[in-house]
Amino acid sequence: MNAAVAPVVVPLLTALLCVGLQARRTRWTVSLAGGGLSVLASLWLVALAHGHGVVVLRVGSWPAPYGIVFAADLLGALMSAIGSWVALWTLVALAAQPHPRLDAFFHAGWHLMLAGMNGAFLTGDLFNLYVFFEVLLVTSYFLVTLGATRRQAREAFTYVAVNIVASTILLMGVALLYAAVGSVNMADLAARIPQASPGLVRPAVFLLAVAFGVKAAVFPLYAWLPHTYAIPAGPVAAYFGGMLTKVGVYALYRLFTTLQPLHGPEPWLLAVAGLTMVLGVLGALAQEDMRRILSFHIVSQIGYMVFGLGLGTPQAWAAGIFYTLHNIAAKTALLLVSSAVEASYGTTSLRSLAGLAHAHPWLGVWFVVAALSLAGIPPLSGFWAKLLVVQAGLEAGEFAGVAVALAVSLVTLLSMLKIFTGAFWGPPPERSHISPLEHASVVGLAALTVAWGVGGGTLLELATAAARALGDPAGYVRAVLGGH
Amino acid sequence: MDFLLLGVPLVPALAAPCAAACRRAAWLVALGGCGLVLVTLLLAAPPTVAGLSASAEVPWFPSLGVSYRLRADPLGTLFGLLVAGVGVLIVLYARSYLEHEPRQPAFFAYLLLFTGAMLGLVLADDLSTLYVFWEATSLASFFLIGFHDDRWDARQAAVRALVVTVVGGLAMLAGFVLLGLEAGTFRLSEMDPHRVQASPRYPWVLALVLAGAFTKSAQLPVHFWLPGAMVAPTPVSAYLHSATMVKAGVFLLVRLLPVLGGTELWRGWVLPVGMATFLFGAVVAVLQDDLKALLAYGTVSALGLATALAGTGTELGRDAAVLYLLNHAAYKGTLFLVAGAVEHETGTRNIPQLRGLARAMPVTTALAGASVFSLVALPGSGGFVAKDLAAKALGHGLEGWLWAGAVANAAFGTRFLQVFLGRGDVTARHEPAGLWAPALPLAVLCVLFGAWPPLPEAVVGWLGADHNVWPKFGLGKVAPAAAAVVGGVGAAWLVEQVPGRRRVRGWGGDHAFDALQRTLLRFAALLTHFTLTGRLRDYLVVVLGVAAVGAGLPLLSHGRWPEVGPISLEAAFVGMAACGVAATVLSRSLVSAVVALGAVGYSVVFLFMALRAPDVALTQMLVETVTLVLFLAVVTRLLTPDVPDRHPLAAVDLLAAVAVGAVAAALAFQATVGPPSQRLAEFFAEHARQAGGSNLVNLVLVDFRGLDTLGEITVLGVAALGVLALARRPR
């Protein structure tokens, strides 16, 4: 099997097995093994993409741009690796909270969503990207409503309605580009867009940006997110909160580097980034519930990633990629803490919780580590991510943006303190059990943020290499189209 | 050997988890950690006297130019010895002070974390390393201030302290990055002051870095976090909030003096802030009735003076600042430990209630006397030497203010000593050695600094300067000191005449901080309420509106438009569809609206036929029919099948809908203007045989782009699973 497609095929087959298997224990084993295998497959892909550049698979051996290609560059491979990692550890958390009647559905959904995500990260075909977005959307809707009450199912409708509209917009954009260039292969588009009619390309690029912006939840298209993420089961929320929006971020990076490369700071993108940071973090500050605070933060931190993108230099993209990878780890860890708390205490409301750090000291430690990382406190990965973004911003002369980024990181700290002082400090509660599996799931991600803080040099090197590849669209085009 | 240096901050930090794990022996672990570091530093110290600065580094983020780099220069080693030495004493003290505290292991773990961070801070030779440890000390301080986290005031004080120091820290981070960019290196010992100071961004660098130093060292107007931090257990107040951490700001000033200092700007910004804080703290301290609040404001004042000394920008000022800080660590540390012993044995810290403790606590009283002796800067004390050098460094213009401060300090000392004099109602139990022995070395230092000339001279000589620090005694020096003492006693008496509750509160900005925090929360809630309405309609209007405007605008300049020609068959079908749309919108019943929508769909079927695309027309017809049937089946089962009342914002909806429709139509037109590209079609036609078929649409679906079809099959499969799962959902 070609490495580029392995991270899609493995979860797809695992999902089929999960639906088919009847015995619970066997299903667990197969599901976790499938998750582990996905991680290995995507790490293998990272190694290949780092060593040899873009890994290309021509599906059905049809040459590009006529058939569909998978083109895994380092960015796509890295995203697929962290996505598989998140899927694996959220599965561990799911194992701690069994849903006897819906188990098979949860597991199938988990792997199908991973297949959709990895497909979106690795495909080199714009229409195929749309198809994988569809897989993602329908699977995520499916997971949100699993085990939901009637009222929750109704609230999830907002999510699916907004995202279907976004998909339609995406489809229009793809169609316009096809009309302009005559193909949907990304490398071919990258090579031909400069000569195409601006009357088609500009609206098309904007429509794609809007569609990806909705998925990534940037200002002003983010409104669907905070409400939706309050609905599903804890591990599902962690899985979504960690990865779902980042698929949109990835697509924005692809759009503004490979397809329509930025050269230098792009003011409107930076403005969108700043507003996303500010409104997200203020929304978080206004909440009185752990999970809601964390959900709003997803939005805020998307702003940093878009800021890195909008600065328009490979160095800033490296900062943005590092930030994205760090944030996925830290955010998922936090949502898993929240999930564990909800499973044991039945709530995540700060008004009803207190003294968790006394009842569960280790959980407190994990929370503090991940929360400080999120707020960008050294020596955790979040600090280096923030430092990289700040440095890129200062070098580009975007002082206002840097000031906003720093101020927002302060408010982030404030809202983390709100959770910590509200839920973790105070008189200890009547102790309830938190399963070792849930601890393990949190550690699986919190460990990353510590490791990347203490020794993140390698990750930064990878991010820099990935950004350098993005800064060289011609190389991507050569790799994909060069074979004929 | 130099690599041992790298372990100095790490040993205490790694000992922290061990301390947390050992329940009974936590204090021993802490003592071992601090002691080990102290010994290491003592071994590392002698070469630095000779001017040899050991340094060691490991690369951290090599591509960023960031490394974990420490350097044992005289300044760093001196402060390192202070941190480790006081640390040892504090561990011993805390063991007695927190005898009955069940969370003692956690306390020592935090204390060790702090010690490691502080050592890293003073030894750092790389801006990033420095910043990492800087924030780490703030965090350790947060956990220690909030140690009694069941109390609201402790939690809030911890938050205040952390937020204030982090605000400064963030500014400092931006300043460091700018400094690094301007200097071309993050390595402190290799920075070129001329290059930095000549840069047009120098004022920005300076302002941002000073913000960090001032917040950490509790300068006006953000001094309030320091008195607030007194809710921490007393060993913490003595260690972090008096002897070590709060000095980090001044330390940074001294550290950066060679790079950023010596300019008019430096003097103009640092000196006034320092002097103002010095006087403010000294006066407000005297007004306090709480022993620890008295000491806290005294610390604010002392930090102000040290800042002002660094603000002179001269080498003399630097040495005076360092000497003063060391001296302050000795006497203020002792005073805190004494105050802690008093509270421990009597259960109160309220000065008016406490009298005559000298009888029950004679050793403590002696210690208090020694330290007040130095605080008031009487000749023969360490304080006298330090203040004398300070006066020299500040120059003639500012000596008067220094004397005013001395009066306030004398009043401060008087009020502190009152606790031990006279006779009172509160009785102290006894005087355990664990609560006075650790303070003894500090008290001895207070006296030794003033009575044994080689000591202060050695310190200054170590820093590499050769001025004469030993003051000349004479009437001109002794008389003002005596006058200050007399004035101070009088002032203390005057203060006592005003009831305490009228004078002790309101000097901090803590209320302003809390109000700001509340306002921010309220603003955030309001903003969120208005931006996130929870109504799907609003969200869709935004998404569609943004898409329509953004995609429509380029059309204004680059769009191509149809020429109005004779009315064709196609136009007639378009008109039919338009009628269907109008009927849908105007219909008053849901059923008829759905049917009218179906009419729109069938008009499109006709349009496709007129365009000679029978296969597409057939597909459209099938889809339309199925949709219509399903739609009707659902609508007729709804409880209220009528169209709801018109929304108040119907006009907006109408506008948005028309705009979206118009832009979509215009875009579709753009796509059809040019000749369609035949590239793909030609390839597919050529390779149809190879793909094994003749129907191109089929071949595209199952072969050329078969993966898309697999994806869509997956979508349908998931949808089916979803329906199955919804059927099993709990009611």
Side-chain angles (χ1 to χ4, degrees), chain A residues 59-60 62 66-68 101-102 105 108 112 127-128 131-132 134-135 138-139 142 145-146 158 161-162 165 169 176 179 182-183 198-200 202-203 206-207 210 214 220-221 223-224 227 279 282-283 285-286 377-379 384 390-391 394 402 406 410 413 417 421 425-427 457 460-461 464, chain B residues 60-63 131-132 135 139 146 149-150 155 159 163 166-167 170 174 177-178 181 520-521 524-525 527-528 531-532 534 536 539-540 542-544 546-547 550-551 554-555 558-560 667 670-671 677 679-680 683 703-708 711-712 714-715 718-719 721-722 725-726 728-729:
Chain A
V59 181
W62 296 114
Y66 307 106
I68 294 173
R101 298 180 60 213
L102 296 172
F105 294 103
L112 285 169
F127 185 79
N128 198 234
V131 171
F132 279 116
E134 290 292 276
V135 175
V138 71
T139 318
F142 163 65
T145 51
L146 263 186
T158 306
V162 172
V165 168
I169 293 174
L176 284 177
S183 77
L200 283 171
R202 285 193 197 175
F206 190 85
L207 288 179
V210 169
V214 171
L221 314 167
W224 60 269
H227 295 298
L279 282 166
L282 287 179
L285 199 58
I377 301 289
W384 301 105
V390 164
Q391 193 170 353
L394 287 180
V402 169
L406 287 176
L410 175 74
L413 181 66
L417 287 178
T421 56
W425 268 358
L460 180 60
E461 247 172 64
T464 312
Chain B
W60 201 347
F61 279 75
S63 57
Y131 182 79
V132 167
E135 293 290 54
L139 273 179
D149 61 60
D150 48 342
R155 293 200 296 268
V159 169
V163 169
V166 166
V167 168
L170 286 175
V177 173
L178 270 181
L181 292 178
L520 184 65
L521 282 178
L527 193 71
T528 309
T531 46
L532 297 188
L536 176 59
Y539 300 166
L540 289 183
V542 171
V543 171
L544 286 169
V546 169
L555 290 185
H558 296 283
R560 284 171 289 187
L667 288 175
Q670 304 300 313
S677 162
R679 280 201 298 152
L680 294 199
F683 178 87
D703 195 330
F704 294 120
R705 299 189 64 91
L707 188 65
D708 287 339
E712 293 299 345
T714 313
V715 169
V718 177
L721 275 182
L726 276 179
R728 289 202 193 176
R729 143 180 88 82

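The basis for the numbers below is simple: all heavy atoms, side chains too, and nothing from hydrogens, waters or symmetry mates. Each chain gets a letter, A, B and so on, in the order its sequence line appears, and its residues count up from 1.
Heavy atoms of V135(A) lying under 4.5 Å from chain B belong to its backbone as well as its side chain. Interface remark: V214(A) contributes side-chain atoms only to the contact with chain B (heavy atom separation under 4.5 Å). Of the two parts of L667(B), the backbone and the side chain both hold a non-hydrogen atom closer than 4.5 Å to a non-hydrogen atom of chain A. Interface residue Q391(A): backbone and side-chain heavy atoms are both found under 4.5 Å from chain B. Within the 4.5 angstrom heavy-atom criterion, atoms from both the backbone and the side chain of L707(B) approach chain A. For chain B, the nearby parts of L285(A) are the backbone and the side chain; heavy atoms of each come within less than 4.5 Å. For L146(A), the part lying under 4.5 angstrom from a heavy atom of chain B is the side chain only. With a threshold of 4.5 angstrom between heavy atoms, I68(A) approaches chain B through its backbone and through its side chain. With a threshold of 4.5 angstrom between heavy atoms, V210(A) approaches chain B through side-chain atoms but not through N, CA, C or O. Both the backbone and the side chain of L680(B) come within contact range of chain A, judged by heavy atoms closer than 4.5 Å. For a residue to count as touching a neighbouring chain, one of its non-hydrogen atoms must lie under 4.5 Å from one of that chain's; by this rule L410(A) touches chain B with backbone and side chain alike.
Contact count against chain B (heavy-atom pairs under 4.5 Å) is highest for G182(A) among G182(A), A179(A), S183(A). Each of E712(B), R679(B), Q670(B) has some count of heavy-atom pairs under 4.5 Å with chain A, and the biggest count is that of R679(B). Most heavy-atom pairs under 4.5 Å with chain A: of the set R155(B), R705(B), E135(B), this distinction falls to R705(B). With chain A as partner, the option from G550(B), G534(B), A525(B) having the largest number of non-hydrogen pairs under 4.5 angstrom is G550(B). The greatest number of non-hydrogen atom pairs below 4.5 Å with chain A, out of V167(B), L178(B), D703(B), D708(B), is found for D708(B). Counting heavy-atom pairs under 4.5 Å between each of W224(A), F132(A), F142(A) and chain B puts F142(A) at the top. Across V59(A), V162(A), V390(A), the residue that shares the most heavy-atom pairs under 4.5 angstrom with chain B is V162(A). Residue with the most contacts toward chain B among L221(A), I377(A), L406(A), N128(A): N128(A) (heavy-atom pairs, distance under 4.5 Å). Of the listed residues (G457(A), A223(A), P379(A), P427(A)), the greatest number of heavy-atom pairs within a distance under 4.5 Å of chain B belongs to A223(A).
Pairing each heavy atom of L460(A) with each of S63(B), the nearest pair is CD2-OG, 3.1 Å. When every heavy atom of A551(B) is checked against every heavy atom of L207(A), the shortest pair comes out as CB-CD2, 3.7 Å. Minimum interatomic distance between G711(B) and V131(A) (heavy atoms only, all atoms of both residues): CA-CG1, 3.6 Å. For L555(B) against P203(A), the heavy-atom pair with the smallest separation is CD2-CG, 4.1 Å. The minimum heavy-atom distance between G199(A) and H558(B), with the atom names listed, is CA-CB, 3.6 Å. Nearest heavy-atom pair across G283(A) and T528(B) is CA-OG1, 3.3 Å.
For the pair L282(A)/L520(B), a side-chain contact is recorded, criterion being any heavy-atom separation below 4.5 Å from C-beta on. Using a 4.5 Å heavy-atom threshold, the side chains of V546(B) and F206(A) count as touching. Within the 4.5 Å cutoff, side-chain heavy atoms of H227(A) are placed close to those of Y539(B).
Looking only at distances, no side-chain donor or acceptor of D150(B) sits under 3.5 Å from a matching main-chain atom of G426(A).
Ring geometry, W62(A) versus F704(B): the interplanar angle falls from 30° to 60°, so the pair is classed tilted. Taking the six-membered ring where tryptophan is involved, the planes of W384(A) and W60(B) are perpendicular, since the angle between them exceeds 60° and thus also 30°.
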Could you walk me through whether L417(A) and V163(B) pass the side-chain contact (heavy atoms from CB on, under 4.5 Å) test, one step at a time? CA-CA 9 Å; L417(A) 287 178; V163(B) 169; 4.0 Å; yes

Applying side-chain contact (heavy atoms from CB on, under 4.5 Å), run through V543(B) and I169(A) and close with a yes or a no. CA-CA 10 Å; V543(B) 171; I169(A) 293 174; 3.9 Å; yes

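Here L540(B) contributes atom CG and T158(A) contributes atom OG1; the two are 8.5 Å apart, rounded to the nearest 0.5 Å.
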